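Presented below is the structure to which this report refers.
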Amino acid sequence: MNVTDRIYVAGHKGLVGSAIMRALEQQGYSHLITRSSSELDLRDRQQVDDFFETEEIDYVFLAAAKVGGIAANNDYPADFIRDNLLIQTNVIDAAYRAKVQKLMFLGSTCIYPKYAPQPLKEEHLLTGELEPTNMPYAIAKIAGINMCQSYNRQYGTRFISVMPTNLYGPGDNFDLHTSHVLPALIRKFHEAKVQNQPVVEVWGTGNPKREFLHSDDLADACIYLMKNYEDSEIVNIGVGEDIAIKDLAGMIMEIVGYQGEISFNSSIPDGTPRKLVDVSKINALGWTAQTPLAEGLQELYRTFQTEFLVKQ
Ligand code: GFB
């Protein structure tokens, strides 16, 4: 990938896409192509075909997707499977027909089987039952990975797929119903502090474990793999360490400076018990995550204050 190549970042306003944009800009890439969803509806095949026909794109980061936390996945299953299947099918197929040099598809570690052995190795995909709360999302993402592999096999394309662990960073979603756990807890503890609430509710039992990767680290890994990885097999992107939700709540409580109590609402699902990724493959390829969780959480709290609170 040369600095003058024409690079399309699909989903450039999202958590992942915006991080990839920042990293590409910093590294001097000068032909970045973007479209907002109002300019180009990726669910519309004709619009996507017209866009690829006119733009002469060399590289694609396919970071456009409908995403959300455990509640959003559970409540909007039809939207998650339909929108993701449409977006990825349209973009992958148009990229093939427009002869782009290379495309990266973003999977997720939440599409591994619910009870896969830990740490999750790339070969564990499709070896067991999925987590019910996000099965529609997982089935769409698995279809996307298989579509890239099938196109490579039949058409000789260079489409690669990566499996990021749970992400956080600038541009995160702080909506309490649709967000992931990190932004949700930052907002809940902050609001409880300023409103002097005695108790903060954390969903589930607090026992599930999750691994968290800063979106800037993910972007760095994606660009690194776009330049250095050619295989059809998926690659995990993570830090290789996880934390129980109850310990995470304790860390966030301290960062925010909240001094009340935590209550666990076990009537809300825990989701997958654990999804620690095995990062030995990406480490062996020459990439390692850099941002420690404590540092990233402090930054996310600042992001919440500067990006979210000021708009309230
Ligand atoms: O981040 P999260 O929504 O996504 O939840 P998943 C992680 C864990 O935190 C779950 C618990 O066990 C939640 O029950 N949790 C505790 C909370 N308090 C809260 C809260 O206030 N808000 C939220 N959201 N969670 C998603 C998938 O699963 O992971 C998506 O559903 C996606 O498809 C994403 O791939 C990476 O890790 O459970």
Side-chain angles (χ1 to χ4, degrees), residues 11 14-16 63 65-77 79-81 83-85 105-116 118 120 125 130-142 144-145 162-169 172-192 197 199-215 218 236-239 242-253 256 258 262-277 293 297 300 304:
L15 179 66
V16 174
K66 182 165 184 63
V67 297
I70 191 164
N73 271 268
N74 210 21
D75 293 350
Y76 310 112
D79 296 356
F80 273 80
I81 192 161
D83 288 359
N84 286 314
L85 281 174
F105 178 70
L106 276 285
S108 167
T109 56
C110 69
I111 72 177
Y112 279 114
K114 177 167 184 165
Y115 298 112
Q118 307 285 320
L120 296 160
L125 190 67
L130 297 168
E131 154 60 30
T133 54
N134 73 357
M135 194 184 289
Y137 175 81
I139 287 176
K141 286 286 178 185
I142 291 168
I145 291 168
V162 296
M163 299 284 272
T165 193
N166 285 33
L167 302 167
Y168 68 96
D172 224 327
N173 170 15
F174 290 97
D175 177 282
L176 288 180
H177 183 62
T178 56
S179 70
H180 290 100
V181 62
L182 280 191
L185 292 188
I186 284 192
R187 179 172 175 186
K188 284 183 180 176
F189 282 115
H190 175 86
E191 290 180 349
Q197 293 166 9
V199 182
V200 166
E201 182 188 276
V202 173
W203 295 351
T205 60
N207 296 327
K209 291 180 125 187
R210 293 290 184 272
E211 176 181 356
F212 298 98
L213 178 71
H214 194 287
S215 57
L218 173 73
N236 288 336
I237 308 179
V239 290
D242 60 3
I243 178 171
I245 296 299
K246 58 163 78 99
D247 297 330
L248 177 77
M251 266 177 100
I252 295 178
M253 186 170 163
V256 170
Y258 173 70
I262 298 177
S263 79
F264 292 97
N265 183 348
S266 52
S267 69
I268 299 180
D270 272 343
T272 302
R274 199 177 178 201
K275 47 178 169 178
L276 175 67
V277 295
L293 181 60
L297 288 180
L300 191 65
F304 170 72

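If you're wondering where the values come from, they're calculated on a predicted model, not measured in any experiment. When a ligand or atom number is given, it counts from 1 through the structure's own listing order.
The protein heavy atom nearest to atom 3 (O) of ligand 1 is Ile70 N, 2.8 Å.
Considering only non-hydrogen atoms, atom 37 (O) of ligand 1 lies nearest to Arg210 out of Arg210, Lys246, His177, Glu211. By heavy-atom distance, the residue among Leu176, Ile268, Val181, Asp270 lying nearest atom 10 (C) of ligand 1 is Asp270.
Counting the atoms of ligand 1 from 1 in the order shown, those under 4.0 Å from a heavy atom of Ala184 are 20 (C), 21 (O), 22 (N). Counting atoms of ligand 1 from 1 in the listed order, those under 4.0 Å from a heavy atom of Cys110 are 30 (C), 32 (C), 33 (O), 35 (O). Interface of Pro269 with ligand 1, defined as ligand atoms under 4.0 Å from a residue heavy atom, comprises 14 (O). Taking every heavy atom of Ser108 and a limit of under 4.0 angstrom, the matching atoms of ligand 1 come to 35 (O).
Contacts between Ile245 and ligand 1, counted as non-hydrogen atom pairs separated by less than 4.0 Å, involve the side chain only. Contact annotation: for Trp203 versus ligand 1, heavy atoms closer than 4.0 Å belong to both the backbone and the side chain. Under 4.0 Å from ligand 1, the heavy atoms of Asn73 that appear belong solely to its side chain. When heavy-atom distances to ligand 1 are checked against a 4.0 Å cut-off, Ala71 has no atom that comes that close, whether in backbone or side chain. Contacts of Ser179 with ligand 1, taken as heavy-atom pairs under 4.0 Å, involve the backbone alone. Residue contacts with ligand 1 for Glu131 are absent, since no atom lies close enough (heavy atoms, distance under 4.0 Å).
Ligand 1 has no atom lying under 4.0 Å from any heavy atom of Ala249. Heavy-atom separations between Glu201 and ligand 1 are all 4.0 Å or longer. Residue contacts with ligand 1: Gly68 is included, with a non-hydrogen atom under 4.0 Å away.
Between Met135 and Leu130, the shortest heavy-atom distance links the atoms CG-CD1, 3.8 Å.
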(request) Apply side chain to side chain contact (heavy atoms under 4.5 Å, CB included) to the pair Val239 and Leu293, showing each step before the final yes or no. (result) CA-CA 9 Å; Val239 290; Leu293 181 60; over 6 Å; no
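Test Arg274, Arg210, Lys275 against Asp242 for side chain to side chain contact (heavy atoms under 4.5 Å, CB included) and you get one pass: Arg274.
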